[in-house]
Amino acid sequence: MQDAAPITSQDDLVTEAGKIAAAQVTPGMSHDAKDELLEHAMMGVLDRHVAIPWFGNIDAFSKGGLPRSQGLHLMHDEPRLPRMPEKPTLMDYLKKRVMLNNPHNNHLLQSANLARKNGLPEKLVLACLLHDIAVTCYIRTDHGYHGAQMIEPYVDEEMSWAIRYHQALRFFPDPSVGYEYPELYTRTFGEDYEPPAYVKRAAEQARNHKWYMSARLVTMNDLYSFDPNAKVDLDDFTDIIGRHFRQPEEGLGFDDSPSSHMWRSLIWPNNFL
C-alpha cells in the first residue's frame, strides 16, 4: 500500500479498493460478503479510522463501548462520498447526499410528484419532497422533528410545521379525507402496535391546529407503495425549490442558522469530532 498512488478523489478510492477486494473474492462468495470485502478495502486504502455515530454501533456500546483506535482519524472530506462545493445549495445536498440513498430517493421523488399531480400548493409539494430528509440521511428516530428543524430557517413556517407533524399523523386515520392506517405499518410493527403517548398528544395538537390539513396532505401523498421503475427527475423541482427555499448566501451549513450544524453533519458525516 505504501507504493500505491495517493487517494485524492472518490474515483481513486473506489478504483484502488476495487482491485484489493477483487483479489480476495473466492468462488461462491455471496453478494453481501463481497460488499463487506469492498468496505474493508476502502477503509484500508483510506488509512484513517472512521467515527461512525454511536447509534450505529449498538452492539459495541452494549458491551462497554468501542475499543480505542490507534493512528489517525478521518476528519472533513470523506472520499467515499461526492465532494460538496464550498457554498452548497439544497440541490447539492439532495444530489450528493439525500438522493444517494436508494430506495428512499425514489420515495421522496414519487411523493413530491404525486403531490404535484394532485394539485397541492408548491410549498406542500416541496414539503413532500423533503418530508423524510432526516430518515434518508440523518436519523430515523423522531424524523419529523429533525427534518422540520433542518429546514425551518429557510422555508415558510407552515411547511416546516407540516413536516414536523406528519410524523404523528401517519399513525391516525382520518376517514373524512380518506386517509387510512397504512397497511405497511401493520406488517412492519405488528397488529398490536400502539404509538407512544407523546405521539398521540402531537397528533391531537395537530388535529386542532389551523394547519392540520397541510400536515395531513403530506401523509396522504406519502407513498408507501411506489413503482421502483418509475423515473422522476429531481431537476423537475428546481423552480419550486428556488421559489420556496431561501438559500443562504454563505452556503447551506455555513450561515450560522440554528440548524447549520445539521447540514454540516451531512457534508462530513464521519468526522471524529
Side-chain angles (χ1 to χ4, degrees), residues 88-95 97-99 104-172 174 177 179 199 202-224 232-253 255-263 265-266:
T89 65
L90 175 62
M91 190 64 83
D92 290 321
Y93 281 97
L94 291 173
K95 290 184 174 181
R97 293 295 185 270
V98 178
M99 297 300 170
H104 286 100
N105 58 3
N106 229 343
H107 169 66
L108 294 177
L109 288 170
Q110 290 196 36
S111 292
N113 195 46
L114 178 62
R116 185 170 54 181
K117 287 182 178 179
N118 286 336
L120 268 64
E122 284 189 346
K123 62 183 176 183
L124 292 184
V125 172
L126 184 55
C128 288
L129 180 65
L130 300 179
H131 75 281
D132 278 351
I133 188 172
V135 167
T136 305
C137 58
Y138 196 74
I139 190 172
R140 280 186 171 275
T141 303
D142 277 339
H143 72 280
Y145 294 88
H146 286 283
Q149 285 180 308
M150 289 176 72
I151 68 169
E152 61 189 356
Y154 315 105
V155 300
D156 183 274
E157 184 181 359
E158 180 181 356
M159 182 181 153
S160 60
W161 189 95
I163 289 178
R164 177 178 287 107
Y165 281 95
H166 96 277
Q167 173 184 319
L169 289 177
R170 296 168 307 151
F171 293 103
F172 300 94
D174 186 345
V177 294
Y179 180 79
V199 171
E204 188 61 29
Q205 290 167 1
R207 279 184 178 275
N208 296 314
H209 196 278
K210 63 180 179 179
W211 290 330
Y212 165 67
M213 191 50 62
S214 298
R216 177 53 77 194
L217 284 169
V218 172
T219 69
M220 293 173 67
N221 290 273
D222 191 354
L223 280 174
Y224 296 101
V232 182
D233 194 336
L234 176 61
D235 288 333
D236 290 346
F237 299 96
T238 299
D239 290 344
I240 289 178
I241 290 173
R243 286 191 286 269
H244 298 281
F245 192 93
R246 296 185 289 274
Q247 173 64 35
E249 182 179 348
E250 304 90 336
L252 191 54
D255 54 320
D256 294 328
S257 81
S259 65
S260 288
H261 63 287
M262 303 174 80
W263 295 97
S265 295
L266 301 186

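Quantities reported herein were computed from a predicted structural model and do not represent experimental measurements.
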Exercise for the section: Any chance you could lay out the side chain to side chain contact (heavy atoms under 4.5 Å, CB included) test for L108 and L94, step after step, and finish with the verdict? Expected result: CA-CA 10 Å; L108 294 177; L94 291 173; 5.9 Å; no
- Which is it for I241 and Q247 under the side chain to side chain contact (heavy atoms under 4.5 Å, CB included) test, yes or no, and what are the steps along the way? CA-CA 9 Å; I241 290 173; Q247 173 64 35; over 6 Å; no
- request: Tell me, with the steps shown, if L126 and L130 meet side chain to side chain contact (heavy atoms under 4.5 Å, CB included).
  value: CA-CA 6 Å; L126 184 55; L130 300 179; 4.0 Å; yes
Does F237 form a side chain to side chain contact (heavy atoms under 4.5 Å, CB included) with R116? I'd like the steps, not just the answer.
CA-CA 10 Å; F237 299 96; R116 185 170 54 181; 3.9 Å; yes
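Between G147 and I133, the closest heavy-atom pair is CA-CG2, 4.0 Å. When all heavy atoms of R170 and Q167 are compared, the closest pair comes out as NE-O, 2.9 Å. Between A168 and V199, the shortest heavy-atom distance links the atoms CB-O, 3.6 Å. Minimum heavy-atom separation, W263 to G253: CB-CA, 3.9 Å. The two residues I163 and A148 have their closest heavy-atom pair at CG2-N, 3.9 Å. Nearest heavy atoms, W161 versus A215: CZ3-CB, 3.7 Å.
Listed by first and then second residue, the salt bridge (Lys or Arg N to Asp or Glu O under 4.0 Å) pairs involving residues 118-131 are E122-R243, K123-D156, K123-E158 (not counting sequence neighbours).
Residues L129 and F245 are not in side-chain contact: their nearest non-hydrogen atoms beyond the backbone lie 4.5 Å or more apart. Between L252 and M91, the closest side-chain pair of non-hydrogen atoms is not below 4.5 Å. Residues E157 and W211 form a side-chain contact, since some pair of their non-hydrogen atoms from C-beta on lies under 4.5 Å apart. In this structure, V125 and H244 have side chains that are not in contact, with every pair of non-hydrogen atoms separated by 4.5 Å or more.
Applying the salt bridge (charged side-chain N to carboxylate O under 4.0 Å, His left out) criterion to D239, with sequence neighbours excluded, gives no partner residue.
A distance of 9.5 Å separates CE in M213 from CZ in R207, rounded to the nearest 0.5 Å. With rounding to the nearest 0.5 angstrom, the CD atom of Q149 is 10.0 Å from the OG atom of S160. In this structure, Y165 OH and Q205 CD are separated by 4.5 Å, a value rounded to the nearest 0.5 Å. Here the NE2 atom belonging to H166 is positioned 13.5 Å from the OG atom belonging to S214, to the nearest 0.5 angstrom. Put simply, CG on N118 and CG on L120 are 6.5 Å apart, with the number rounded to the nearest 0.5 Å. Taking CZ of R246 as the reference point, atom CG of L90 lies at 12.5 Å (rounded to 0.5 Å).
Residue-environment remark: CG (D256) stays at or below the threshold of 12 foreign heavy atoms within 6.0 Å.
Of the possible polar contacts, none joining the H146 side chain to the H143 backbone as a donor-acceptor pair under 3.5 Å is found. Using modelled atom types, one side-chain atom of R216 and one backbone atom of L169 make a donor-acceptor pair closer than 3.5 Å. The main-chain N or O of L217 is never found under 3.5 Å from a side-chain atom of Y179 such that the two would form a donor-acceptor pair. A donor-acceptor pair under 3.5 Å is absent between the side-chain atoms of Q110 and the main chain of V232, judged by distance alone.
No side-chain N or O of R97 forms a donor-acceptor pair with one of Y93 less than 3.5 Å apart. In this structure, a donor-acceptor pair under 3.5 Å is present between the side chains of D92 and T89.
Here the options are T136, D222, N221, the test is side-chain contact (heavy atoms from CB on, under 4.5 Å), and the partner is H131; only D222 passes.
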